[in-house]
Engineer: 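Handing you a structure now.
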Amino acid sequence: MKDITGLMIYYYFVCKRKLWYFCNNISMEQNSELVALGKIIDKSSYKREEKGILIDNTINIDFIKDKAVLHEIKKSKSIEEAGIWQIKYYMYYLNKRGIENISAEIDYPLLKETKTISLEENDKIFLDEVIKEIQKIISEDKVPNISKNNICKKCSYHDLCYI
Ligand code: SF4
C-alpha cells in the first residue's frame, strides 16, 4: 500500500484521473507553465520563513510559523476545496502521530489573503474514507474516466486526456 501524500489528497479533490496518472508514475507536470508559476511564487513569497518541511517523506508543509501554525501557499482559489483538504490532511497526519494543538493557514500571496483552517472530528472521519478511496483508485489497472471540467484546459495531463 502506498503512503498517502498531501499532493495525492489534493489531486483526489481536483480530479481522480489526475490522481491515478500521478500515482502510476505518469508525470507531465514539468511541462506546465502553471506549475512553474507556482514554484516562482513559492520561492518569492514569505522569504524569511524556513520552507518545504518534509515529514516522513509523506507530507510537505510549505512552512511552519509561530511553532504550530502550518502554512500552505496557493497561487489562486480556483481549486480552493482541494487546497483546504490538503492542509487538513497535514493536521490529520500529525494528529495521528500525537501532535495536537496545531492550526493552519492557507496563504494566497497574489490575492494578499490568508484563510484559517481547522480540523474537526468529522473531518477526520471523512479523511479516513478519502484515504481508503484513494488506495482503491490508484490500485486499479485502468485510469478513471475523464470527468470534463473547467480545469482540464490548464491541466498538465490535458494532451493525454484529449488526444
Ligand atoms: S485533463 Fe481533465 S480529466 Fe484529464 S487529468 Fe486533467 S483534470 Fe483530469
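Just so we're clear, the structure is a prediction, and the values are computed from it rather than from any experiment. By convention here, the first residue in the shown sequence is residue 1. Just so you know, ligand 1 is whichever comes first in the structure, and atom 1 is the first atom listed for that ligand.
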Engineer: Suppose we only count N/O/S atoms under 2.8 Å; would Cys15 qualify as near atom 8 (Fe) of ligand 1?
Structural biologist: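 An N, O or S atom of Cys15 is closer than 2.8 Å to atom 8 (Fe) of ligand 1, so yes.
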Engineer: Which protein heavy atom lies closest to atom 2 (Fe) of ligand 1, and at what distance to 0.1 Å?
Structural biologist: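 The closest heavy atom on the protein side is Cys152 SG, 2.3 Å.
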Engineer: Do me a favour and list the nearest non-hydrogen protein atom to atom 6 (Fe) of ligand 1 with residue, atom name and distance?
Structural biologist: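 Here the closest protein heavy atom is Cys155 SG, 2.4 Å.
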Engineer: Side-chain donor-acceptor pair under 3.5 Å between Glu105 and Ser103, yes or no?
Structural biologist: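 No.
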Engineer: Check whether NZ of the Lys or CZ of the Arg Lys18 lies under 6.0 Å from the centre of the six-membered ring of Tyr12 and within 45 degrees of that ring's axis.
Structural biologist: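 No.
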Engineer: What atoms in ligand 1 come closer than 4.0 Å to a heavy atom of Ile146?
Structural biologist: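 Close to Ile146: 3 (S).
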Engineer: Just which atoms of ligand 1 are under 4.0 Å from any heavy atom in Lys18?
Structural biologist: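 With Lys18 as reference, the close atoms of ligand 1 come out as 5 (S).
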Engineer: Does Tyr92 have Lys124 sitting over its ring (NZ/CZ under 6.0 Å from centre, angle to axis within 45°)?
Structural biologist: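 Not satisfied by the 6.0 Å and 45° rule.
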Engineer: Less than 4.5 Å apart, side chain to side chain, heavy atoms only: is that true for Leu70 and Met91?
Structural biologist: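 Yes; the side chains approach each other to less than 4.5 Å.
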Engineer: Below 2.8 Å, can you find an N, O or S atom of His158 next to atom 2 (Fe) of ligand 1?
Structural biologist: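 Not a single backbone or side-chain N, O or S atom of His158 is under 2.8 Å from atom 2 (Fe) of ligand 1.
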Engineer: Taking the six-membered ring for Trp, are Phe13 and Trp85 parallel (under 30°), tilted (30 to 60°) or perpendicular (over 60°)?
Structural biologist: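 The rings of Phe13 and Trp85 lie parallel, inter-plane angle below 30°.
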Engineer: Quick check: are there more than 12 heavy atoms from other residues, nucleotides or ligands sitting under 6.0 Å from CG of Asn101?
Structural biologist: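 Not buried by this count: 12 neighbours or fewer within 6.0 Å.
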Engineer: For Ile151, counting its heavy atoms only, list the atoms of ligand 1 lying under 4.0 Å from any of them.
Structural biologist: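 Per the distance check, 7 (S).
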Engineer: Of all heavy-atom pairs between Asp123 and Lys88, which one has the smallest distance, and what is that distance?
Structural biologist: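 It is OD2-NZ, 2.7 Å.
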Engineer: Nearest protein heavy-atom contact for atom 4 (Fe) of ligand 1: which residue, which atom, what distance?
Structural biologist: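 I find the closest protein heavy atom is Cys161 SG, 2.3 Å.
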Engineer: Just let me know how Leu160 lines up against ligand 1, side chain, backbone, both or neither, with a heavy-atom cut-off below 4.0 Å.
Structural biologist: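 Neither part.
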